[in-house]
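Shown next, in structure tokens, is the structure this report addresses.
Basis for what follows: all heavy atoms, side chains included, without hydrogens, waters or symmetry-related copies. Chain A is the first sequence line, chain B the second, and so forth, proteins listed ahead of strands; every chain is numbered from 1.
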Amino acid sequence: MAAPSSPATPMTPVLIHLLRGASDLASIAATHAKLFKSGAASTLSTSNHLLAAYCRCGAMTLARDLFDGMRDRDVVSWTTLMSGYTAAARPREAISLLRGMEFSGVRPNVVTFSTAACACARLADAGLGRQVHARAEVAGRAFDAVVATALVDMYGKAGCVGDARAVFDVMAAPARSAVSWGAMLAVYAQNALGSEAIQLFAKLRTCGTGVAPNHFMLSSVLSACAGAVRLGVGRCVHGTVLRLGHGSNQVVAVALVDMYSKCGRYNYSRKVFDRIERPSVIPYTSIIVAAAKYGLWRSALTLFDDMVKEGVQPNDVSLLGVMHACSHSGLVDTGLQLLCSMQSKYGIAPRPSHYTCAVDMLGRAGRLEEAFELAKEAQIEGNDALLLWNSLLSACRTHKRLDLAIMAGQRVSEFNQDVFMAGQRVSEFNQDVAGGLVVMSNVYASAGQAVKASAVRSNMRLRGIRKNPGCSWIEVKDTPYVFYAGSVSCAGARADDAMGAGARADEVMVLLDELECKMREKGYTGRLGSARVSDGDEDDGEEGKGVMVGVHSEILALGFGLLVVPKGMTIRVMKNLRMCSDCHEVFKLISDIVQREFVVRDLNRFHHFKMGSCSCNDYW
DNA sequence: TTAGGGTTAG
């Protein structure tokens, strides 16, 4: 729309005011027409207002047309459009505008650099982000508080935590606002560095920074506690949330729901959820996923129904949560119905994760042929395919179907070749590739084909693929104690280890020996010191020195827990892999022998052992 | 006087 050039009229301020308050395209276009008629639309200031209004409502084509038709453009015009593209999830166009404006001789300012850093954060592209950082430094703008904070966020989103911290550290203390602290805490929480987030939060509180924790920081720290399973710290943070009056913030409440759930306290999660007023899709999904992990399928399905009745539109994550609940409870047909109807009923197209969940569900239930057919039909590729076929492979091992395992194993190797051929970094997929190969090796071993099992292992060694070791840990008096298969010494605990996990290794072994004898009296036929390699995900191959050879990490954690956790208190063990059936049996028997309750959180879910049985009813 | 920084479910 080319406007006749004319100065602003007396009506212009009124129209600009209307424009600033408008959020829908129709009223913006109407005001634009009036400004055009009055002849004021062509001034730089009015054009910038119009540009901002179009960007605000996401009308990027109109914004771009207006921008292209402008006779003059200043730094505000360029930056407004950049910001619009970033908000509209088109960050590449924002970055290309940065180049365009420099080419046109318009100098970027602090707002431009922070917007550009934000665009790079969206792209999670550290290479591009470094270029923006360098240009900001050359222009002398990198130390601006907002630019620096945007750079912290950018490096964090791109996974470069060290660079984020370096930018944060060089910021002068007064420049470090609540937003800067919040950004750095989020960087740690989002990059699975829970302990670092907790330490930084403690520093904020104790170093006289004068910055009060706000809801951004609290939700990040709670998320860090959830990820690192630090219930003690999480509870303290909950206290801070209540004291500072952030209890009614929905994002903080979701972080609390998730923290309690991941730390093994579903009841607290549920209490926090029940106090949320008009929960949106994320709180609902959070509690549904929690219920699913605890095997509470009735609760998960009821919550899902409640959500739909309340008019809250479920999304792909909510549906995945309900499907997981079905999967962990053997409700295979209900789960499959959800998969089939999610597009027609809720308008959500199934994603690879939904197919993987359905294959897993069929596999657990022993319906392996159907699982195989579904896996083929899903036509998923790349790393998603690796996860899907690994899941089927795992089910074949559980149900001892070597024939199907070999076919699934072929698919896994095809995809893992593809993954390597595609030039992906080895570390990126290493654990998925390694997981599949370990299971394949275990399938062969359990079918008595030792030569093939060892060939898979040799192949892994040749290609430099190694699976991260399985470990378990328990938190005692706010300190985590970590155990690895075959070793009672514990990593991760404080140097002044008050409980003496290492020093008490002999006591743990004596106790486990005694318990093993008592388990035999109850009919246990396995051996704690030779956990079956083929049964679990834990890679016993190269672990184990001394007397505890082969003992899985969760058993060691339990032994230690029995020594140090007072009688009457539940012993809570966390594990980074799926619990094997042998250990599951051992936990059931010991809960009966010592008359205590144990909760184990494995890779997929929680198991609550009490009086010789488990909440999962042996189905997981 | 129009443009800029951090949070929650998988």
Item to check | Ser269(A) side chain vs Val257(A) backbone, donor-acceptor pair below 3.5 Å | outcome: yes
Checklist entry - Is there a donor-acceptor pair closer than 3.5 Å between any side-chain N or O of His246(A) and the backbone N or O of Ser219(A)? => result no
Checklist entry - Can you tell me how far P of dA9(B) sits from OH of Tyr266(A), to the nearest Å? => result 17 Å
Item to check | Positions of residues 305-319 of chain A (non-hydrogen atom under 4.0 Å from DNA chain B), listed by number | outcome: Asn315(A), Asp316(A), Val317(A)
Checklist entry - In residues 158-170 of chain A, what residues come within less than 4.0 Å of DNA chain B, judged by heavy atoms? => result none
Checklist entry - What residues in residues 122-131 of chain A put a non-hydrogen atom under 4.0 Å from any atom of DNA chain B? => result none
Next on the checklist: Once ring pair (Phe, Tyr, Trp, His ring centres under 6.0 Å) is applied, do any residues pair with Tyr355(A), and if so which ones, sequence neighbours excluded?
Outcome noted: none
Checklist entry - Where is the tightest heavy-atom contact between Gln250(A) and Arg278(A), given as atom of each residue plus distance? => result NE2-O, 3.5 Å
Checklist outcome for this item: Those residues at least two apart in sequence (or on a different chain) that pass salt bridge (Lys or Arg N to Asp or Glu O under 4.0 Å) with Arg176(A) are none
Item to check | Flag if over 12 foreign heavy atoms under 6.0 Å of OH, Tyr268(A) | outcome: no
Item to check | Rounded distance [0.5 Å steps], CG in Leu301(A) versus CG in Leu296(A) | outcome: 11.0 Å
Item to check | Heavy-atom donor-acceptor pair, Asp144(A) side chain to Val146(A) backbone, under 3.5 Å | outcome: yes
Checklist entry - For the pair made of CZ in Arg351(A) and C1' in dA9(B), what is the distance, rounded to whole Å? => result 14 Å
Checklist entry - Of the non-hydrogen atoms in Leu51(A) and Leu66(A), which two are nearest, and what is the gap between them? => result N-CD2, 3.5 Å
Item to check | Main-chain N/O of Met82(A) paired to Thr86(A) side chain as donor or acceptor, under 3.5 Å | outcome: yes
Item to check | Whole-Å gap separating C1' (dA9(B)) and CD (Gln250(A)) | outcome: 12 Å
Checklist outcome for this item: A correct 5'-to-3' footprint of nucleotides 1-6 of chain B, with B, S and - meaning base, sugar-phosphate only and no protein heavy atom under 4.0 Å, is SBBBBB
Checklist entry - Is there a donor-acceptor pair under 3.5 Å between the side chain of Thr240(A) and the backbone N or O of Cys236(A)? => result yes
Checklist entry - Is a side-chain N or O of Ser329(A) found less than 3.5 angstrom from the main chain of Cys326(A), in a donor-acceptor match? => result no
Checklist entry - Sub-3.5 Å donor-acceptor pair from the side chain of Asp72(A) to the main-chain atoms of Leu44(A), do we have one? => result no
